[in-house]
Amino acid sequence: MNLWHISEDAFHPDLKTIHSQESVFTIGNGYFCTRGTFEEGYPRDNTATLLYGVFDAIPIAKEELANIPDWLPIKLFINGERFRLDRGTILSYHRWLSMQDGVLHRTVRWKSPRGVRILVHSERFASLADEHVGIIRYNVTLEDAGSDQECELDVRASLNIAEGNYDVIHWENVDQGHQNDIIWYHCETKKSLVHLAQTMSFRSASPDVHQKIVDSDVSPSISFAGTLAVGATFSAEKVVVMYTSRDTSDPVNAALEHHQNLSGYHAGSAQTTNHARFQEENLPKAASAQSLLYERMLQQQRAAWQPVWEKADIIIEGDDTAQRAVRFNLYQLRINVSSHDDRYSTAAKGMTGFGYRGHIFHDTEIFMLPFYTYTMPNIARNLLLYRYHLLPAARKKAASNGYEGAQYPWESTLNGEETTPSSIIHPETGEVIPVLNGFIELHITASIAHAVWQYWQVTGDDDFMRDYGAEILLSTAQFWGSRAEKNEQHDDYEINNVIGPDEWHEHVNNNTYTNYMARQNIRYALYIQDWLRQTNPAKAQQLEQQMDLTNEITSHWQDVVQHMRILQDPQTKVFEQFDGFFKLELLDQSQYKGRKDSYQGILGVEQVQKYRIIKQADVLMLLTVLDQEFDLQTKEANWDYYYPITDHDYGSSLTPALHVILACELGRIEQAYEFFTKGALVDLENLRGNTPEGIHLACSGAVWQATILGFAGLRLNNDGYTTDPHWPDGWTRLAFTFFHKGEQFHVDLRK
């Protein structure tokens, strides 16, 4: 077993498996991701290439990442018979993703209905060294032609324009043509008016084939036709370059110039090309030197991935399944985020599928950001800058709700406005249900503040805190200061009518996670205000004047911090999840053994709220996120109370891996490993049945936390760091790298 490979050794024709594997075998580089569909296509596949931050408008859900024209198609015909996995006979099949260099390989031995036997091998990758480029190497070997010595060969590479987000096609044709042997296609999103240019070349040095270009508004293509002898191999390379108007004012010429530079041609203007439609032109076959482009780019790809793994890799010895699964999750975290673009963030399912439509949740800050903060702090900085850029929209949302400061939306895209749909069809019950999250799920604001604080603590990036982070902390504290309501009778502050992390209970008062995180948010702001006054009085004065932060306001903040209502039984130390939670009826879970749905899916949206059964870690997430705030006795008491009433199997995919940290602290290593596998394998084994919609990227971030903060027990302090390893059965070594205050540390733990 290669510990850098994710493999499948047989083709399973059921669509559920096909769609799940499409997500698993996604390639990407942070600029774009392409799902693991087949070059030749398959009936009812979910082909998708999504670009970082390229959205188009849709009804209800506001907007979504817009699936672009498919750059993968290569159609193969042997003696007029088309190679397809739903036809003929598959004699052998092997596909593997090499995570070390981001290359997807596939080998298929196939017999046509008339008995011709071929071997097809393809490789493809999204270049990490040159983010605008996708490349495929395609080889066909004729193994048996029956009584003949050769076969007629026809191989057609194209761009498929008719691809959408399921039934919605977002792009309209603007223009199309070719220059030399490079096809270009120009289209535009229907609503957001983003322009996209794609250029394509398809070259071969194989003998006895001739190239033909077909211009088309529907499916521009380049083909090779000729003969293939038994034992001979046809080889070709397909290269696609992509630019949008988010990159440049003239994406067509940018893509053409880029492609020509790759190919060794001199740059030229798209305006000089032939725009005639459906024109066929015979061109000489490409020079053999050009066939070396794939190998050259592959070497660049490997060189680009090497420093990624030097910073991010986790070595686990004694458990091959865990090793591969951890690397898979790290791979996904890298390919789904840009290394330089701070106008967008990394979404709940990244760019691997249509789930959540590319919207940004607090999943990024709570579950994913720690990975980037510790291993790729430059990327973490950009993800937080995304939130800084959206402060004006957050202030507008707070004001529209009658509050001060900045209230971040539950879901956001590019402009920072609330993009949570007002209603959806429940995926399990089929009910049309109102979605209240955008109105009353507030804790994302404190989650973002916490991420800013954590980034600063880990990196020591004072410039970021001074120029950006401080304003986020002060603005969000201003929101909480106005959102908390004074209860004169109890002489404390309440936050009422919210949804906490456990989203199965709505319109609750004083959710412990929300109240505690809000209080912590204000504490951060008060500290930073003092820090700014000491280190940069001019910046402190500027922000205080800009936000009208009077002494009266900061005194009010201090009062809120001292008197925020936190529901905790002083005897048992158990926090009450929200007002009245302890009085709810306990659900008899034994009645639902063998279930395949969540308790909300079984009971319904209204009925589940009557029970003490929760979707995901709520109180326990608080004890994990603010780990240093609570003693071991408090953690133990709350674990014993909330662990049995959490839907670990069909609730949220996020928290099983996050539970690992707490379980390790409590010495419950068997339970910790059980949770770890539920998180680490959630997509590799499609444990929740929804991997076809995309990778659970927040869960990938939680897996990193589970491994490093849980099993390794990494903790930072003023003097450096400590570890407190907890060893699952079989594990003998755990090694990793992280950054602290600009210094790189290598940790190698051995049992």
Side-chain angles (χ1 to χ4, degrees), residues 342 345 362 364-366 369-370 373 377 380-399 403-409 412 416 442-484 493 495 513-562 564 622 625-626 628-629:
D342 61 16
S345 184
H362 90 139
T364 304
E365 283 76 22
I366 293 297
L369 199 76
T373 297
R381 196 179 204 265
N382 285 336
L383 296 176
L384 292 173
L385 283 174
Y386 163 79
R387 295 297 193 182
Y388 174 80
H389 297 324
L390 301 185
L391 267 176
R395 291 192 176 103
K396 184 177 179 181
K397 179 176 174 68
Y403 303 110
E404 300 171 5
Q407 178 189 358
Y408 280 97
S412 64
L442 309 182
H443 54 84
I444 185 171
T445 297
S447 296
I448 292 167
H450 174 74
V452 168
W453 178 267
Q454 184 183 57
Y455 170 80
W456 187 51
Q457 295 296 301
V458 174
T459 65
D461 188 348
D462 290 348
D463 291 346
F464 172 83
M465 182 57 79
R466 180 194 64 231
D467 296 336
Y468 310 108
E471 188 173 350
I472 295 175
L473 293 178
L474 292 168
S475 300
T476 50
Q478 199 173 20
F479 166 71
W480 291 117
S482 65
R483 182 62 173 81
Y493 289 88
I495 300 177
Y513 181 91
T514 303
N515 286 22
Y516 209 111
M517 290 292 287
R519 183 174 73 175
Q520 198 74 359
N521 189 162
I522 298 173
R523 282 176 172 164
Y524 295 150
L526 288 168
Y527 182 95
I528 286 301
Q529 187 178 34
D530 288 341
W531 177 78
L532 270 183
R533 286 172 173 173
Q534 295 173 27
T535 60
N536 198 311
K539 182 67 175 181
Q541 185 178 25
Q542 176 215 325
L543 287 176
E544 287 168 359
Q545 290 178 348
Q546 172 189 325
M547 300 169 61
D548 195 22
L549 294 180
T550 63
N551 290 335
E552 182 182 3
I553 288 177
T554 54
S555 294
H556 172 66
W557 289 1
Q558 291 167 345
D559 192 44
V560 173
V561 167
Q562 292 171 10
M564 178 69 78
L622 174 68
V625 171
L626 299 181
Q628 302 302 308
E629 292 282 311

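When a residue number appears, it is its place in the shown sequence, counting from 1. Only a predicted model underlies this, so the values are computations on that prediction, with no experimental measurement involved.
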Atom pair [atom1] ([X]) and [atom2] ([Y]), whose distance is rounded to the nearest 0.5 Å:
| X | Y | atom1 | atom2 | answer |
| --- | --- | --- | --- | --- |
| Ile448 | Ile366 | CD1 | CD1 | 9.5 Å |
| Asn536 | Arg466 | CG | CZ | 6.0 Å |
| Asp548 | Leu543 | CG | CG | 13.0 Å |
| Thr476 | Ile444 | OG1 | CD1 | 12.0 Å |
| Arg523 | Ile528 | CZ | CD1 | 15.0 Å |
| Asp467 | Asp462 | CG | CG | 10.5 Å |

Of all pairs that satisfy salt bridge (charged side-chain N to carboxylate O under 4.0 Å, His left out), the ones with a partner from residues 445-455, not counting sequence neighbours:
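For residues 445-455, and leaving out neighbouring residues, there are no salt bridge (charged side-chain N to carboxylate O under 4.0 Å, His left out) pairs at all.
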Does a side-chain heavy-atom distance below 4.5 Å link [X] with [Y]?
| X | Y | answer |
| --- | --- | --- |
| Phe464 | Leu385 | yes |
| Leu626 | Tyr516 | yes |
| Tyr513 | Ser447 | yes |
| Asp342 | Arg381 | no |
| Leu383 | Leu369 | yes |
| Trp557 | Leu474 | yes |
| His443 | His362 | yes |
| Val452 | Tyr468 | no |

If I compare all heavy atoms of [X] with all of [Y], which pair ends up nearest, and what's the gap?
| X | Y | value |
| --- | --- | --- |
| Leu473 | Ala449 | CD2-O, 3.4 Å |
| Leu391 | Ser475 | CD2-CB, 4.0 Å |
| Trp531 | Met465 | CZ3-CG, 3.7 Å |
| Gly416 | Pro409 | O-CG, 3.3 Å |
| Leu532 | Ala470 | CD1-CB, 3.7 Å |
| Ala398 | Gly405 | CB-O, 3.3 Å |

Tell me, yes or no, whether the heavy-atom count around [X] atom [atom1], taken from other residues, nucleotides or ligands under 6.0 Å, exceeds 12.
| X | atom1 | answer |
| --- | --- | --- |
| Asp463 | CG | yes |
| Gln546 | CD | yes |
| Lys396 | NZ | no |

Take Met517 and His450 through the test side chain to side chain contact (heavy atoms under 4.5 Å, CB included) and record every step on the way to the result.
CA-CA 8 Å; Met517 290 292 287; His450 174 74; 3.8 Å; yes
List the steps and the verdict of side chain to side chain contact (heavy atoms under 4.5 Å, CB included) for Ser345 and Arg387.
CA-CA 9 Å; Ser345 184; Arg387 295 297 193 182; 5.8 Å; no
Out of Arg395, Lys397, Gln478, which one pairs with Gln407 under the side chain to side chain contact (heavy atoms under 4.5 Å, CB included) rule?
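It is Lys397; the other options fail the test.
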Given side chain to side chain contact (heavy atoms under 4.5 Å, CB included), test Gln520 with Leu622 step by step and report yes or no.
CA-CA 11 Å; Gln520 198 74 359; Leu622 174 68; over 6 Å; no
So, the side chain of Thr445 versus the backbone of Tyr408: is there a donor-acceptor pair under 3.5 Å, distance only?
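Present.
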For His556 and Gly481, indicate whether the former's side chain and the latter's backbone hold a donor-acceptor pair under 3.5 Å.
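Answer holds: yes.
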Is the Trp453 ring parallel, tilted or perpendicular to the Trp456 ring (thresholds 30°, 60°)?
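Rings of Trp453 and Trp456: perpendicular, over 60°.
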Does one side chain, of Ser412 or Tyr386, offer a donor that lies under 3.5 Å from an acceptor on the other?
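Short answer, yes.
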Quick one: do Glu629 and Arg519 make a salt bridge, cutoff under 4.0 Å?
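Looking at Arg519 together with Glu629, the answer is no, because their closest N to O distance does not fall below 4.0 Å.
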For side chain to side chain contact (heavy atoms under 4.5 Å, CB included), just list the numbers for Arg533 and Glu544, CA-CA rounded to whole Å, side-chain angles, deciding distance to a tenth of an Å, and then say yes or no.
CA-CA 10 Å; Arg533 286 172 173 173; Glu544 287 168 359; 2.8 Å; yes
